[in-house]
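The next block holds one structure in the form of structure tokens; read it before the comments.
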Amino acid sequence: MLGPSLLVAALRRDGLDAHALYANVTFAAHIGYDRYRRFTLSSWRMHGDLLFAEAAWGRPVPDSAVVFGPRVDAVTEEDWAISVGVLDAYITEVVDAVVAANPKVVGFSSVFQQNVPSVALAKAVRARLPDVAILLGGANALRPMGRGIAEATDVFDAVVAGEGEAELAGFARKLMTGWRPPNDERFIVWPRLKSLSLSPTPEFDDYFAQVEALTHDGRLPEGLPLALPFESARGCWWGERSHCTFCGLVGPEIAERAHTPERVLSDIETLVERWGITELRAADDLLPIKIQKEVLPELARRQPLRDEPLRFFYEIKSHLRRRELDLLAAAGVFEVQSGIESLSTDTLKAMRKGTTGPMNVAFLRDARAAGVDPLWNWMVAFPGDQPEDYEAFLRLAPFITHLRPPVCVVPVRIDRFSPYHADPARWNIRDVTPFPGMRWAWPEGADLETISYHFTGTVDSAYTDDPELARRAHDGLDRWLEAWHAGPPELVAVEDGDGLRIRDTRGIAMDEEVTLSAASSALLLRLEKPTPLDVVHDRALGVLLQRGFVVQHEGYLISVVVREADVRQ
């Protein structure tokens, strides 16, 4: 959504008449909004690409290639059957809209499961508009993937990798004269922007017009869009220092480039004022330190002055502590993708995350206290992980059911541009191959190794080697999730004279309320910072451990009690 909206704004700025058709929105209208959301989460099983494969290549996909999973948010057989049944009507509606616009150039922006749908739609457009120039860009076109796509199909006159805000208008004008790149030069790489200031504020007028029309016709639910995307930076400052081993999201250009704080604030106010949307989701790979220090305080200052407070989403590192999380909350950052990934220090070190298991437990506690929802996935099956990584999780989980559990378990995969993909032998990763569905998503002869972004591989892992351990880990997480979704338990401290009164509704609670002595209260607050077990000799420790207010994890003592904001530290 953000990429096409930026390019439309850039083309209009440079004097061209440009519009965006959000074909994914039309797809949601055809199959149903909730069903569409399940498709967006099915990248492992490639339902999106496989659904369009026959339309793209004329080759039926065998039933055995379409796999369904047990998760409640997974694509079901009924979802698949309904989507197959409306596919022709969907393609016709999209192509009719393109033809009605009488374009000279048509571009497809492709990410994750949008390659094969783009091919199918492009071929249908070509059948109706044989002379129109058709392009493919987006994250899926980064090299070398874009070259593989250009070699697999000639439906695109050019497959373009790179940032288009400064290049697309001139290229489009050239295409509008009738010029086309030679067949063996159809893969084109554009340089990164000399300055991020060349990227305009996105234009969402076409998006709102499309959503409003479909909502009016009863094809989409009321209340959309839920939020708008915006951008304050590209790249990842942490990845520049220590590239997380499994991460390929940033692509080959990992160095961070941030908008100025003034530009970020201006974009936010423009989007809010123009569209009346009060929830904004940053597309940044990681919250830039400069934005954290200069933009968030200003957003926090403006929040009480607004008729309706703004709500933001950001990706962050889990090294943030209580004061910094309080600032996020004051600025309206209500939800974050926190990058916790694991509560095992050994696993986190293997990932190059720059944090520890005890630090992540403290982060979860402080996020709950600040009122920031720290979404995270529990990543498992890492190369070289040990049974103790999972046993420690199972021992810890009953004590922290009041803290945000992982959304789900995610076995590690090997993504292009990640260190795992660049040098699998370093981690003893073997048999690296594209996802199985790629065989049927693309025609015979396509270079799947070049086109693919996601890969599988064989690793030495306690999780994969011991199914019983994996089952127990899942069961432990299920109990945590059940407790959370039943209405999050509480373990919270408020001041009571010289001590603290603790309210505890966890399943392991000895009493729902208890007042701690001044000595126990002081020690509890001291242990908000993870502290080595062997340096704490305070007699008050016994009662804190007995009640589960303090936990032992990897040789550290950590308070898991959520401290109210007015409790003095």
Side-chain angles (χ1 to χ4, degrees), residues 1-3 5-6 9 37 40 196 199-204 207-208 211 223-238 249-250 256-340 363-377 403-404 407 565:
M1 176 178 174
L2 182 60
S5 304
L6 287 170
R37 288 177 60 85
T40 66
L196 210 54
S199 182
T201 303
E203 295 279 4
F204 292 114
Y207 177 79
F208 275 86
V211 170
L224 296 179
L226 302 176
L228 282 180
F230 75 104
E231 180 180 60
S232 51
R234 297 176 187 176
C236 177
W237 62 265
W238 177 253
L249 284 175
V250 184
E256 181 190 88
R257 295 167 292 152
H259 281 300
T260 64
E262 295 78 14
R263 168 63 189 276
V264 176
L265 289 166
S266 174
D267 278 1
I268 288 171
E269 299 299 340
T270 297
L271 294 174
V272 171
E273 181 178 349
R274 183 170 182 186
W275 302 115
I277 295 292
T278 56
E279 183 172 325
L280 300 172
R281 302 183 74 83
D284 304 22
D285 294 291
L286 188 63
L287 172 64
I289 294 174
K290 186 177 182 67
I291 302 303
Q292 178 186 332
K293 291 183 176 180
E294 298 186 33
V295 171
L296 295 188
E298 178 60 19
L299 288 173
R301 186 191 70 80
R302 296 180 186 183
Q303 280 288 73
L305 307 177
R306 300 184 188 277
D307 293 335
E308 184 176 352
L310 302 186
R311 289 157 57 86
F312 295 93
F313 166 90
Y314 259 106
E315 299 235 9
I316 67 170
K317 261 182 67 62
S318 61
H319 72 295
L320 300 184
R321 291 298 168 246
R322 176 64 184 271
R323 181 176 59 185
E324 296 159 318
L325 288 163
D326 284 341
L327 173 60
L328 261 69
V333 181
F334 75 103
E335 185 178 77
V336 295
Q337 173 55 256
S338 54
I340 289 173
F363 170 84
L364 287 171
R365 177 201 65 216
D366 291 344
R368 177 81 193 265
V372 176
D373 190 9
L375 305 178
W376 62 293
N377 296 320
L403 305 181
R404 189 38 147 128
V407 174

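We're numbering straight along the sequence, starting at 1.
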>> Run the side-chain contact (heavy atoms from CB on, under 4.5 Å) test on Val372 and Arg404 for me, step by step, so that the C-alpha distance in whole Å, both residues' side-chain angles and the decisive distance to 0.1 Å come before the verdict.
In response: CA-CA 10 Å; Val372 176; Arg404 189 38 147 128; over 6 Å; no
Tell me, please, which residues at least two apart from [X] pass ring pair (Phe, Tyr, Trp, His ring centres under 6.0 Å).
{"X": "Tyr207", "answer": "Tyr22"}
{"X": "Phe363", "answer": "none"}
{"X": "Phe208", "answer": "Trp275"}

> Looking at Asp366 and Arg321, does any basic side-chain N land under 4.0 Å from a carboxylate oxygen?
Replying inline: no
>> Please determine whether a side-chain nitrogen of the Lys or Arg among Glu298 and Arg301 lies less than 4.0 Å from a carboxylate oxygen of the Asp or Glu.
In response: yes
>> Any heavy-atom pair between the side chains of Pro229 and Phe313 that's under 4.5 Å?
In response: no
> Is the closest side-chain heavy-atom distance between Leu271 and Ile277 below 4.5 Å?
Replying inline: no
Go through the structure and list residues passing side chain to side chain donor-acceptor pair (under 3.5 Å) with [X], not counting sequence neighbours.
{"X": "Asp284", "answer": "Ser232"}
{"X": "Arg274", "answer": "Glu203"}
{"X": "Glu279", "answer": "Arg281"}
{"X": "Glu294", "answer": "Lys290"}

> Does Leu310 offer a backbone N or O that forms a donor-acceptor pair with the side chain of Thr278 under 3.5 Å?
Replying inline: no
> Would you say the side-chain atoms of Ser266 pair up with the backbone N or O of Glu262, donor to acceptor, closer than 3.5 Å?
Replying inline: no
To the closest 0.5 Å, what do you measure between [atom1] ([X]) and [atom2] ([Y])?
{"X": "Arg368", "Y": "Leu325", "atom1": "CZ", "atom2": "CG", "answer": "14.0 Å"}
{"X": "Leu296", "Y": "Leu328", "atom1": "CG", "atom2": "CG", "answer": "5.5 Å"}
{"X": "Gln337", "Y": "Asp285", "atom1": "CD", "atom2": "CG", "answer": "12.0 Å"}
{"X": "Arg311", "Y": "Leu280", "atom1": "CZ", "atom2": "CG", "answer": "11.0 Å"}
{"X": "Leu2", "Y": "Ser199", "atom1": "CG", "atom2": "OG", "answer": "7.5 Å"}

>> Taking side-chain contact (heavy atoms from CB on, under 4.5 Å) as the definition, give me every residue that meets it alongside Leu226, ordered by chain and number, with sequence neighbours left out.
In response: Tyr33, Leu224
Looking only at heavy atoms, what is the nearest atom pair of [X] and [Y], with distance?
{"X": "Ile268", "Y": "Phe312", "value": "CD1-CE2, 3.8 Å"}
{"X": "Glu256", "Y": "Trp237", "value": "OE2-CD1, 3.1 Å"}
{"X": "Leu196", "Y": "Ala258", "value": "CD2-C, 3.9 Å"}
{"X": "Leu327", "Y": "Ala300", "value": "CD1-CB, 4.3 Å"}
{"X": "Glu324", "Y": "His319", "value": "OE1-O, 4.3 Å"}
{"X": "Val250", "Y": "Cys236", "value": "CG2-CB, 3.8 Å"}

The criterion is salt bridge (Lys or Arg N to Asp or Glu O under 4.0 Å); which residues satisfy it with [X], sequence neighbours excluded?
{"X": "Arg234", "answer": "Glu163, Glu165, Glu231"}
{"X": "Asp267", "answer": "Arg263"}
{"X": "Lys317", "answer": "none"}
{"X": "Glu315", "answer": "none"}

>> Surrounding CZ of Arg37 (heavy atoms of other residues, nucleotides or ligands, distance under 6.0 Å), is the total greater than 12?
In response: no
>> Between Arg322 and Asp326, does the side-chain contact (heavy atoms from CB on, under 4.5 Å) criterion hold? Intermediate values first, please.
In response: CA-CA 6 Å; Arg322 176 64 184 271; Asp326 284 341; 3.1 Å; yes
